[in-house]
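For reference, the structure discussed in these notes is given below.
Every chain is numbered from 1 and lettered A, B, ... according to where its sequence line falls, protein lines coming before strand lines.
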Protein chains: 2
Amino acid sequence: MTKSKETSEPAGGEQRRLQMVDIARLAGVSVSTVSRALNGSELVNAETRQRVAELARSLNYSINFGARNLRLQENKTVAVVVPYDARSRQHISDPFFLSIVGAIADALTDRGYDMLLSRVDAERLDQAAHWVDSGKAIGVILIGQWRQHDQLNDMAARKLPLVVWGGEMPQQLYASVGGDNVLGGTLATRHLLQLGRRRIAFFGDAKLPEVWLRRQGYAQALREAGVEVDAALELAAPFEPGVATEIVRQFCQVRRDFDAVFCCSDVLALLATQALRAVGRSVPADVAVVGYDDMPLAAYCDPPLTTVHQPVAEAGVALVEALLAQLAGERPALRTMPVYLMRRASAPDAAA
Amino acid sequence: MTKSKETSEPAGGEQRRLQMVDIARLAGVSVSTVSRALNGSELVNAETRQRVAELARSLNYSINFGARNLRLQENKTVAVVVPYDARSRQHISDPFFLSIVGAIADALTDRGYDMLLSRVDAERLDQAAHWVDSGKAIGVILIGQWRQHDQLNDMAARKLPLVVWGGEMPQQLYASVGGDNVLGGTLATRHLLQLGRRRIAFFGDAKLPEVWLRRQGYAQALREAGVEVDAALELAAPFEPGVATEIVRQFCQVRRDFDAVFCCSDVLALLATQALRAVGRSVPADVAVVGYDDMPLAAYCDPPLTTVHQPVAEAGVALVEALLAQLAGERPALRTMPVYLMRRASAPDAAA
DNA sequence: CTGAAAGCGCTAACAC
DNA sequence: GTGTTAGCGCTTTCAG
């Protein structure tokens, strides 16, 4: 392995970066004084402090955080990790996950933390631990638990500061924040039932904890209404549009004995709408569609999507808070956030 | 200002992190030997190297990058900065920008770099320099130049390693990578003309360089076809859906004398479609719509969007390469990438 | 109030 | 081949 050096040296006519020793010399004081002044220490003479601070500012000095962190044994960087499907080499492009990342970025920034963003193979979520092991980050926020409940439990057992966005699972050791998936499933399904629909399909891969919970809510609502749960109306469609498109299309071609569908993501709902129209069925007249997430674009689709709204901004804050709580010594906790149904035209109140 | 300590100390029963000195002791060698062994130095006995490496792995040791970087004066972190509109407190949620960020993440990971993701007020893009000044990152990739061409030039003049995604501007000192916006505008407009449309509206804020270039392409295509450019058909709609919705709606209510619209983003195209339908005009029969970006969801809208495709994955690579080139001492360069028209149903080939 | 000195975890001369 | 030593840029005792 030849060691490349391309990184180390900046351009040619580059002047060395300003350090404390430089501004110390210019101010005629010692580095310790500069350090104290810049950190607003009460120990240093107000006048000196002022002078040093101004000098530093005018020289556009800014501290070397690497050195500072090393000395202080401190680190204000959090790794945010988005899993991707290595088999289909398909990246997570689901708008919902992306907006969660944005919300986390905000929450982190507000609290003075930096965010290291990376991807990880959805089969090897445990690799996310590397960020903490290497000291690059103090903790990990993982977007989605996928099928790796056990890996996550192992990580938590190793005391890795970790929070995952996802559903609550039995015997869960790791901290998580998620929407109330059972409630979401119930709200969506009840709404469709109220519209008079009785043959309600379910699109989503129940091997994923969140989807599994949503299906519980779905089944529960059906039973409440005395409607039989028909496994033939369940389609294990994944979240990745590339893979899901064909699966959804086939299902819609083969089965025409449903009058509504509850989709476990808005993207899936879009796919379903398109597939239904392609086989000559209209939305919402023939088939009412309810999505999940209330992604930013949901209101601008045609028809605008009725969907289960997830509290993205609050989720970002909650994830960050949960991580900081662990860092402060608290035990990992599970948190479930309220969701509500956002009513739009794809499953309109005025029944067809 | 009371200094909070919440960050520094992990949980209670936490054991100190493993260091080189620990594995040195256990292996019965000095730290230098461990360092060399772990870096695969030829200087150390193959057997020793093996032994040390295994010990380290079995103990789950991983190096402290902070210390390593400090010593090596090296850093493999790049800051990726997404501007946001501070006035409307609206975050960039445009799917296109988000997918560019994803592409950059991939390109950086492939090359062994880490990505620090953050936001910055779109009026103060110069604040992005802070990442480099503080040593947290070796360079900055900025998503969009917005209205701050001058700030960007200043940053480049200061020799800040910087690349921005955006359009080529006159007297530009900073490196940029962007789609061929003039071509995009031309392709979109020509296509609409070929459909027999003559009254083609333009939606987009021409104060933004990219939009300004697209409008040039638009105007050029119109002139080619001997169609007069009508300023009354231009709408300065911003990219933020929140702000744009009302503007687009009003325009569509007031003006009905156009039979096509070229929108400078897919989201804008969605908004336009919805607004047009709301006033009883059909898409594409009455008004053909062409978008821009070919966002992941563009194919799943109704109607599926005809749009100018931007090469996202290639853009990510190009942005990263451009930054690394500067770090290697090359002068900032401008790069324009090809775009093409993706034909779908919102402006169908079989003219209405 | 300020300076001198030690050391955070690691690497790279420089000895042996 | 391997150990010893110095030092990356910063903070913080400890003396004065």
With a 4.0 Å cut-off on heavy atoms, is Val29(A) in touch with a base, just the backbone sugar-phosphate, or nothing at all?
sugar-phosphate
Is it the case that dA12(C) (base atoms only) and Ser35(B) (side chain only) share a donor and an acceptor within less than 3.5 Å, ignoring hydrogens and angles?
no
Between the base of dG9(D) and the side chain of Arg17(A), is there a donor-acceptor distance below 3.5 Å?
no
Which residue, Arg71(B) or Asn45(B), contacts DNA chain D at a nucleotide closer to its 5' end, judged by nearest heavy atom?
Asn45(B)
Any donor-acceptor pair under 3.5 Å from [X] side chain to [Y] backbone:
X: Arg119(A); Y: Gly102(B); answer: yes
X: Asn153(B); Y: Gln171(B); answer: yes
X: Glu330(B); Y: Ala325(B); answer: no

What nucleotide, of dC10(C), dG9(D), dT2(C), holds the atom closest to the side chain of Asn64(A)?
dG9(D)
In terms of side-chain heavy atoms of Thr48(A), which of dT2(C), dG3(D), dC10(C) is nearest?
dT2(C)
Does a nitrogen or oxygen in the side chain of [X] sit under 4.0 Å from OP1 or OP2 of [N]?
X: Ser32(B); N: dT4(D); value: no
X: Thr33(B); N: dG3(D); value: yes
X: Tyr61(A); N: dG9(D); value: no
X: Gln73(B); N: dG7(D); value: no

What is the distance from [atom1] of [X] to [atom2] of [N], rounded to the nearest Å?
X: Leu43(B); N: dA15(C); atom1: CG; atom2: P; answer: 16 Å
X: Asn75(A); N: dG9(C); atom1: CG; atom2: P; answer: 13 Å
X: Leu72(A); N: dG7(C); atom1: CG; atom2: P; answer: 17 Å
X: Asn69(A); N: dC10(C); atom1: CG; atom2: C1'; answer: 15 Å
X: Asp133(B); N: dG9(D); atom1: CG; atom2: C1'; answer: 16 Å
X: Gln19(B); N: dC8(C); atom1: CD; atom2: P; answer: 8 Å
X: Arg36(B); N: dT2(D); atom1: CZ; atom2: P; answer: 9 Å
X: Met20(B); N: dT11(C); atom1: CE; atom2: C1'; answer: 8 Å

With a 3.5 Å cut-off and no angle check, do the side chains of Thr77(B) and Asn75(B) form a donor-acceptor pair?
yes
Any luck finding a side-chain donor-acceptor pair between Ser30(A) and Thr33(A) under 3.5 Å?
yes
Nearest nucleotide by nearest heavy atom, which residue falls closer to the 5' end of DNA chain C, Glu42(A) or Val31(B)?
Glu42(A)
